[in-house]
Amino acid sequence: MSIEQIRITLPNGDVLEMDGGSTAGDVAAAIGPGLAKAAVAAVVNGETVGLAEPIEADAAISILTEKNPESLVVLRHSAAHILATAVRELRPGAGIGFGPAIDDGFYYDFEVDKPFTPEDLEEFEKKMAEVAAADQPFTRRRVSKDEARELFSDDPLKLERLEEFDADEVITVYENGGFLDLCKGPHVPSTGKLVHFKLLSGAGAYWRGDEKRQMLQRIYGTAFHKKSALDEHLNRLEEAKKRDHRVLGKELDLYSIQEEVGQGFVLWHPKGAIIRHTIEEFLKATLLEHEYDLVYSPQIASEELYKISGHLEVFEEDMFPAMDDNGTRFRMKPMNCPHHFMIYKTQTRSYRDLPIRFAELGTCYRYERSGTLHGMLRVRCFTQDDAHIFVRPDQIADEYDRLLDLADYLLTVFGYEYHLALATRPEKALGDPAVYDAATETLRGVLDRRGVGYEVDEGGGAFYGPKIDVNVVDAIGREWQGGTFQLDFEMPERFGLVYIGSDNTPHKAVVIHRTLLGSMERFVGGLIEHYGGAFPTWMSPEQVRVLPVGEQWHESASALAADLKGAGIRASVEGRETLGYRIREAESLKIPYMGVVGEREAADGTVAVRRRGAGKKQEVMGREQFIAAVVEQVETKALG
RNA sequence: GCUGGCGUAGCUCAACUGGUAGAGCAGCUGAUUUGUAAUCAGCAGGUCGGGGGUUCGAAUCCCUCCGCCAGCUCCA
């Protein structure tokens, strides 16, 4: 009897001769005992597998340790199984759904009579620690479909999933400590690998994400290899809570949403409004510099318009109900595009006129389902930074380049990093797939030429054309939806958007729907969280607060405030209460500059400048110098 | 929209298993004239989310509607 030898190629190019059927764990051990101990999982021919997986043929293998991000996914997936193990032990009747690893952790869905309480979660967490301490090995088994049916005969959700497997598909099950799950793995070698974890929340979730199916109870948790990483993650959650725009919006008196006004309708208070105004003025000036034309359109339109655009057909449930005027039905506008198309159509356009760029801070109304509303980030009335660009097919690439330049400029001003994503043709796309794909390649070419990294969202494009999304990354690393630049071949068809070519015949124009900032509501809401309420000076509602030390310096302080205002700075004087009280107040309001005026400053014509968040580190300077410094901050739109 | 939790003064929160609402901050008034994150005192402020019910009696128990929060679903 001879065991066949196989050749294992390691990442550094070394080749190991191993017995056929050796496991990835054996490979790790062959490399060294340290690695064997640190190993979490392995990548065999590009596929992540468990360490107990036998290897039958020559293969390229790399061993994953805690240092590889992929190993975290494995750990978290195993954590989900350990959670299910704990729940099954404590609530034997609980049905099990899915339990995957997700971006920041994992979840598991259970079918139970009573939803879980926070106390239940604590109980589960304790039990999980016990399961982990027991160091149960995860064992993997290949089973036939019939065998699997037998194994999961008491788990209707698993049986349902099972029926979706093809007859010849490999079905694997994982077991640890008597808990069995239908699962393709991989897993960590044993439950003992799970040490640093936390259950975070519970909530309902539809079985298979389908709102027509029963609701399961989902438990979210997270896990890390190192305690420090777990702590850091939990701190980040705390930090996110502190930056919540709904909390800061109230504290800083920026906006409110009130029941009497209506769900999802934002009231911009003066301080919020000045922030928005500042951004809008900056944006409009920038658009004019970039050869956009500003347009305005009404917020109500005849339903006929939305019949042409097709919105009534595909978007009606997101629209407010119609208002009827003697048989003419009107709708609050859900999008600006049809209006802009009607402006385009008022003239015969020449190929020489294109590109034509119509921009509008257009207010739209959408009847969002009540459960989706969220502060300023998801509302029912919002003002889009919207534009529709009409181009010839040969101008697409150039125009996308300009858009990416503009997005880069704007987002940099606000201190955002960003990622780009190309979304390609979905299944249900309209029109000629070849046209769609050619356009996609054009966009891909633009991205490639720029030499910037981007993701590809396969099948994520709109039904009418591909798009490039700009996803911004905020100060604490969270991603937000930012700009989106969508190509549209469908609307030009519906609206008959043409231009006269050099051949003196009409040609179909191509439309680019684009937004750079999204909506003012979402953008400002995002900025509140990005800056944690501490806006850069140029956007701050109040830029300088002048604080006289005592009443006798009030006049001198007022003179300084007047000079600041004269220079276009938003400044005020606050003289009541003690200096300490007023400094505390100004710090809580996150005013970027405090100017203290007392006996010395009044005498020398100086001011003691205290910067937001800088504590007692202050600088005494001449008043002209101070004013010039603040003006410079504003003019350069300096961050911080 | 769905599942669960929650809704008390402008804000943040108390009020044991039903006995008739209280504190801090903010506001107002007065005193204090202040040198770097809360000076002191007084006053005022609530039909306990709305409606209905049970009860001698409801912030508390039940029903219903509205809203908020988490998640699902959906999106600028």
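Note on naming: letters A, B, ... go to the chains in the order of the sequence lines (proteins, then strands), and numbering restarts at 1 for each one.
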Please tell me whether A:Phe124 and A:Phe116 form a close aromatic pair, meaning their ring centres lie under 6.0 Å apart.
yes

Whole angstrom is fine here: how far is it from CZ in A:Arg208 over to C1' in B:C72?
15 Å

Without decimals, in angstroms, what is the distance between A:Tyr255 OH and B:C68 P?
11 Å

So does A:Thr372 get a side-chain nitrogen or oxygen closer than 4.0 Å to the phosphate oxygens (OP1/OP2) of B:C74?
no

Categorize A:Gly204 for me: base, sugar-phosphate, or nothing, with a 4.0 angstrom heavy-atom threshold over every strand shown.
base

What's the CZ-C1' distance between A:Phe110 and B:G71, to the nearest Å?
15 Å

Rounding to the closest angstrom, what is the interatomic distance between B:U29 and B:A44 at atom P?
15 Å

For A:Leu121 and B:G71, what is the distance between atoms CG and P respectively, to the nearest whole Å?
14 Å

Under the 3.5 Å rule, do the base of B:G1 and the side chain of A:Tyr206 count as making a donor-acceptor pair?
yes

Check the distance between B:G1's P and A:Asp318's CG and give it to me in whole angstrom.
13 Å

Whole-angstrom distance between B:U20 and B:A26, as gauged at atom C1':
28 Å

Is there a side-chain contact between A:His374 and the phosphate of B:C75, meaning an N or O under 4.0 Å from OP1 or OP2?
no

Tell me if the aromatic rings of A:Phe106 and A:His77 count as close, with their centers under 6.0 Å from one another.
no

Using modelled atom types only, decide if a donor and an acceptor are shared between the side chain of A:His530 and the backbone of A:Ala475 within a distance under 3.5 Å.
yes

Of A:Arg522, A:Arg514, A:Lys284, which is the lone residue that meets side-chain hydrogen bond (donor to acceptor under 3.5 Å, both in side chains) with A:Asp385?
A:Arg514

Gap in Å between the two P atoms, one belonging to B:A23 and one to B:A9, rounded:
15 Å

Let me check I have this right: for RNA chain B, each base becomes ., (, ), [, ] or |, based on Watson-Crick or G-U pairs with both distances under 3.5 Å. What is the full string?
(((((((..((((.....[..)))).(((((.......))))).....(((((..]....))))))))))))....

Say we look at B:C6 and B:C40: how far apart would their P atoms be, to the nearest angstrom?
37 Å

Measuring from A:His311:NE2 to A:Asp318:CG, what's the distance to the nearest 0.5 Å?
10.0 Å

When you check the gap from the basic side-chain N to the acidic O, do A:Glu281 and A:Arg276 get nearer than 4.0 Å?
no

Return the value, rounded to whole Å, for the distance between atom CG of A:Leu373 and atom P of B:G71.
14 Å

Determine the Euclidean distance between corresponding C1' atoms of B:A21 and B:C66; express it in Å to zero decimal places.
24 Å

Rounded distance (nearest 0.5 Å) linking atom CD of A:Glu164 with atom CZ of A:Arg161:
5.0 Å

Taking B:U47 as the reference, what is the distance to B:C2 when you measure between their C1' atoms (whole Å, please)?
34 Å

Are A:Lys271 and A:Asp253 ion-paired here, with the side-chain N under 4.0 Å from a carboxylate O?
no

Check this for me: does any side-chain nitrogen of one of A:Asp210 and A:Arg208 sit under 4.0 Å from a carboxylate oxygen of the other?
no

With nearest nucleotide decided by heavy atoms, which residue, A:Arg218 or A:Gly264, maps closer to the 5′ end of RNA chain B?
A:Gly264

Do A:Arg378 and B:C74 share a donor-acceptor pair, side chain to base, under 3.5 Å?
yes

Given B:C68, is OP1 or OP2 found less than 4.0 Å from the side-chain N or O atoms of A:Gln263?
yes

Taking the C1' atom in each of B:U8 and B:A58, what is the distance between them to the nearest angstrom?
14 Å

What's A:Phe523 touching, base or sugar-phosphate or nothing? Going by heavy atoms closer than 4.0 Å.
nothing

Can you tell me how far C1' of B:C74 sits from NZ of A:Lys212, to the nearest Å?
13 Å

Sugar-phosphate only, base, or nothing, as touched by A:Ser201 at under 4.0 Å among non-hydrogen atoms:
nothing

Could you give the distance separating B:G4 and B:C43 at their P atoms, to the nearest angstrom?
47 Å

Under the 3.5 Å rule, do the base of B:A76 and the side chain of A:Glu368 count as making a donor-acceptor pair?
yes

Answer with yes or no whether A:Arg522 presents, from its side chain, a donor or acceptor under 3.5 Å of a partner atom in the base of B:C75.
yes

Is there aromatic stacking of A:Phe382 against B:A76, centre distance under 5.5 Å, plane angle under 30°?
yes

Taking all non-hydrogen atoms of both residues into account, name the closest pair between A:Lys590 and A:Leu248 and its distance.
CE-CD2, 4.1 Å

Minimum heavy-atom distance between A:Val379 and A:Gly264, given as atom pair plus value:
CB-O, 3.2 Å

May I have the distance from A:His388 (atom NE2) to B:A76 (atom P), rounded to whole angstrom?
12 Å

Check: A:Tyr108 ring centre within less than 6.0 Å of A:Tyr220 ring centre:
no

Contact letters for nucleotides 33-49 of chain B, in which S counts primed atoms plus P, OP1 and OP2 and B counts the base, heavy atoms under 4.0 Å
BBBBBBB----------

